Structures are given as C-alpha cells and as structure tokens.
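Here is the structure we will look at.
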Amino acid sequence: MKRVILLILIINGSELFAQEDEIHVEVPGSPAFTILDFEPTSILRPSSVAELKTSVFNSFDENGGFAPNIGLEFSPYWLKSRDSLTMKEYENPNFTQTIRQTFQISAAVVEDTAADMRKMGLGVRFQLASGNVTDKYKSAYKKLSDQLKLETLYIGSTRGQILAGNITNISELKAHISQQMLNSGEDKLKISNLMKVLDYQWAKHNESGGSLLEFQDYLMNSGSIVSNDVAKTYLDANKERVGFLMEVGLAAGFNDLSGNSEENSLDQIGLWLNASHKYESGGQFIGSVKFIHTNRDSAASNIDVGLSYVRQLSDIALSIEAVSRWYRLEYSATSLEGNEITAVDRDFTYRIAANATYNLSNKFNINISLGRGFADRSFEASGFFSILGVNYNLFSKTTKLKPS
C-alpha cells in the first residue's frame, strides 16, 4: 500500500483531491453544474415569471443557439407570491408541499473548445422530508413578530396625524415616533436603530415619488421596519432544520449542442439521494447513495452507498464516513487474436475517511482528511491517504439587509 501526502491550495472551493470524492457526498446545490463539472461565469436566478422569461430569452445568442457559459437556476413554486401559504404550512409542510416549496431546476451550457462543441446540463433537486424547525428558529421568529408588532404600533398611530396635516414630511414623522417611543420608556439605542431603518426605507421609497401616507402603508404591510440584527438572526435560523431530512438530486449532461453531429448524445447522468437525522446539538447521521453513469469513449458506472456522522463544534466540523462502491467500466480492447472487443471491468471497492474542517471565516477554511481511498484499475494510487487542504471562496453568497 502506498501513502500519499499532499498539501493543496484550492481557490474557490475546488475538490480536495482528484482521486478522492468529498468526505460527505451531499446532493449538489446545482446538479446541472455538477454533472458538467463546471461553474458558469454568469448565473441567472429569476424570482418571478417575468424574470424567468427574460432569463430564458437571454440564454440564446444572436444566431438563435444557446449562449455558452450561462447557468439558470430557479424554484418554480416561488416564481409568484404565495399569499395563501400560512406560516404553519411553511414550517411543517406535508409530503406534497415539501416537494413543491423545495423543488429547484438548474440548467447550464458550456463551450468545450477542445472538442469544438457546446454541452448542456439539466438538473433538479428537491426534498421528500424537510425535518422540523429548531428552537433557535422559534425564538428568532417570536422576536421578529414581537418587534414587528411593537414598531407597527408606533408607526400606525401616526396615520391620523398625517391625514390631519400635522405631519407633512419624513423629519416630522421621525420626530413624532421618537417622542412616542421615549414616552413609552423604549431604549434610546432601539429608537436610533429604527430611525436609521426609516431613513434607509424612505430614500428607497422616495425614488418613485411615493407620498408619506403610501410610505407608512408600505412599512406596515411589508415588515420593512424590522432591525437588521433581528432579521439576520431569523434568516440564519430559517436555514437550519433538525429531525429526519431526505433530499434527491437528478441531472443529465448532453453533448453536441453545436450541431457538429447528427444527433445530440447523452454524455452523463447522475442521481443523488441523502437521508439523514440531524440533532439540535449539532450531530447528524447521514446515509447517501450516488449513481453516476458516463457514456464517452468508454462507458463507466459507479454506485456509491455511504454512511457518515458529522459533528459541528462551533467553528470546527468533524466527520467520519464509510462508502462502498460498485463500479463497471466498458472500454475498447484487442483480443489475443487481434480483434477489437469491448472489455468489461467490474468490481467492488470501499473508502473509509475522517475529516476535520476549521472555519477561519465564512470564506476561508482549512481541511484535514485521513483514510483509505477507493482502489480500482483506473488508478494505482490506492491505499491510505493524508490530505491537507486550504479553501478560499472568492464568491460566497451574502444576504443583503437594511442597515440597523
């Protein structure tokens, strides 16, 4: 057995080691991008039907073909407002509603200059079970509701003053609300934060020339008076769910979109399935299945079945995983008689690994992996491995909130 020791510097979240899959195989965030092994330079994420139509229109070049290096990602259910959806249904959806509100479609086109062709990837991902909201979420939602009700009360009480002509501009509105809050014994810092929110929202609202009364109605109906820290806590808590979770991802990659061959060909298909139980304390058991079939010069199929345990400790994530792999490889070969034949290589292998990730920031983390890697005839660097990786994400997503 050989021992491989690598020090790898990775920019923008590339894989740790080409021969080794990631420690925990999750359902990809964008299956269409994953099946192409490509991140588009431009990703369109429409949030309405009108934006979707515009995005689809922008996906074609001047010749009517697919424009290269563009990705599309959207959730059909959220393309229009869901006024009838209650908070109870959203937090605890049934089976059908879970699929509806988590169903996401992704697509991408990439220019393969070496093969002189364009490739397309299509994918979907959705949840079959979404678990339960956390105690942290319930607490954050209560604070959000309480603050919204409290501040709506102060702002709503000025409506009569505006209609009577006693308040005619934003400065008078702010002064009136500030005095109300002071008289009620509210904290001066909270008053100052609310005034910043009012300034920000008024500047934004006044661009369209809205009146003071329309501005007040907008604040009361949209929830735009919630301070930044409360909103951020709620948004962060809303992303985490505990209990039983199950997610599915499907994707297919196609060749020859440039029309250089008689018909388009299916290049690769992928299926990902994750079932897990997550505890509020941070531990999570995960069962995963991944199937990848590639149809190129040689046809290859991999089926991975794994079980892992992940533990989050503040800024450190620890995990251990065991994965069984069944693979089948078809390739052209020459028989002893000199005839061209299709050879078949099929076997079983496995992988056991432990991983530790230390998050220095939301963009920078250090990974250490130890274990035994997969072994098959396509590569000989099998046996135990030890990897040190440094990840730096140049383009991490951030949520923009109003100032507080």
Side-chain angles (χ1 to χ4, degrees), residues 10 12-46 55-56 59 65-76 99 102-128 246-261 263-274 288-306 323 325-331 374 376 378 393 395 397:
I10 303 156
N12 197 26
S14 300
E15 288 186 2
L16 283 176
F17 184 33
Q19 293 176 354
E20 302 298 335
D21 287 340
E22 53 268 51
I23 286 291
H24 165 48
V25 181
E26 294 184 345
V27 175
S30 303
F33 306 164
T34 300
I35 205 70
L36 293 176
D37 193 21
F38 169 76
E39 185 73 16
T41 54
S42 176
I43 302 176
L44 307 175
R45 293 187 173 94
S55 298
V56 172
S59 298
F66 289 106
N69 302 335
I70 289 183
L72 178 65
E73 195 174 63
F74 66 96
S75 299
I99 296 176
T102 61
F103 195 86
Q104 183 184 75
I105 298 174
S106 58
V109 176
V110 57
E111 188 81 40
D112 189 339
T113 55
D116 189 25
M117 69 174 65
R118 290 182 184 178
K119 298 182 177 182
M120 170 179 276
L122 297 173
V124 298
R125 65 177 295 197
F126 55 91
Q127 292 181 350
L128 298 175
M246 181 176 287
E247 190 167 22
V248 178
L250 297 164
F254 301 89
N255 281 337
D256 302 328
L257 294 180
S258 59
N260 290 337
S261 65
E263 59 180 359
N264 295 338
S265 61
L266 179 64
D267 177 59
Q268 198 170 35
I269 58 174
L271 165 67
W272 298 264
L273 173 64
N274 275 31
S288 59
V289 176
K290 181 174 78 169
F291 170 75
I292 298 291
H293 174 74
T294 304
N295 183 30
R296 294 172 184 163
D297 294 335
S298 59
S301 298
N302 282 345
I303 300 178
D304 294 349
V305 179
V323 180
R325 169 173 290 179
W326 291 264
Y327 66 89
R328 186 176 189 273
L329 178 65
E330 294 182 10
Y331 55 94
F374 292 123
D376 63 31
S378 62
N393 187 356
F395 306 106
K397 297 178 182 178

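Everything numeric here is computed off the predicted structure, so don't read it as measured data.
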Does a side-chain heavy-atom distance below 4.5 Å link [X] with [Y]?
X: Val109; Y: Ile70; value: no
X: Ser75; Y: Phe103; value: no
X: Glu73; Y: Phe33; value: yes
X: Leu273; Y: Phe291; value: no
X: Trp272; Y: Pro28; value: yes
X: Asn295; Y: Ser265; value: no
X: Gln268; Y: Ile292; value: yes
X: Leu271; Y: Val289; value: no

Which heavy-atom pair separates [X] from [Y] by the least distance, and what is that distance?
X: Ala251; Y: Pro31; result: CB-O, 3.5 Å
X: Gln104; Y: Gly29; result: OE1-O, 2.9 Å
X: Ile35; Y: Gly270; result: CD1-N, 3.7 Å
X: Ala252; Y: Leu266; result: CB-CD1, 4.0 Å

Roughly how far apart are [X] [atom1] and [Y] [atom2], rounded to 0.5 Å?
X: Leu36; Y: Phe254; atom1: CG; atom2: CZ; value: 10.0 Å
X: Ile43; Y: Leu72; atom1: CD1; atom2: CG; value: 10.0 Å
X: Ser106; Y: Arg125; atom1: OG; atom2: CZ; value: 9.0 Å
X: Leu329; Y: Asn302; atom1: CG; atom2: CG; value: 9.0 Å

Residues Asp304, Trp326; criterion side-chain contact (heavy atoms from CB on, under 4.5 Å); working and verdict = CA-CA 7 Å; Asp304 294 349; Trp326 291 264; over 6 Å; no
Can Ile303 and Lys290 be said to form a side-chain contact (heavy atoms from CB on, under 4.5 Å), step by step?
-> CA-CA 6 Å; Ile303 300 178; Lys290 181 174 78 169; over 6 Å; no
Looking at residues at least two apart in the chain, or sitting in another chain, which of them share a side chain to side chain contact (heavy atoms under 4.5 Å, CB included) with Gln127?
->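 In terms of side chain to side chain contact (heavy atoms under 4.5 Å, CB included), with neighbours along the sequence ignored, Gln127 is linked to Thr98, Thr102, Ser130, Glu247.
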Can you check side-chain contact (heavy atoms from CB on, under 4.5 Å) on Leu128 and Ile99, steps first, answer last?
-> CA-CA 6 Å; Leu128 298 175; Ile99 296 176; 3.9 Å; yes
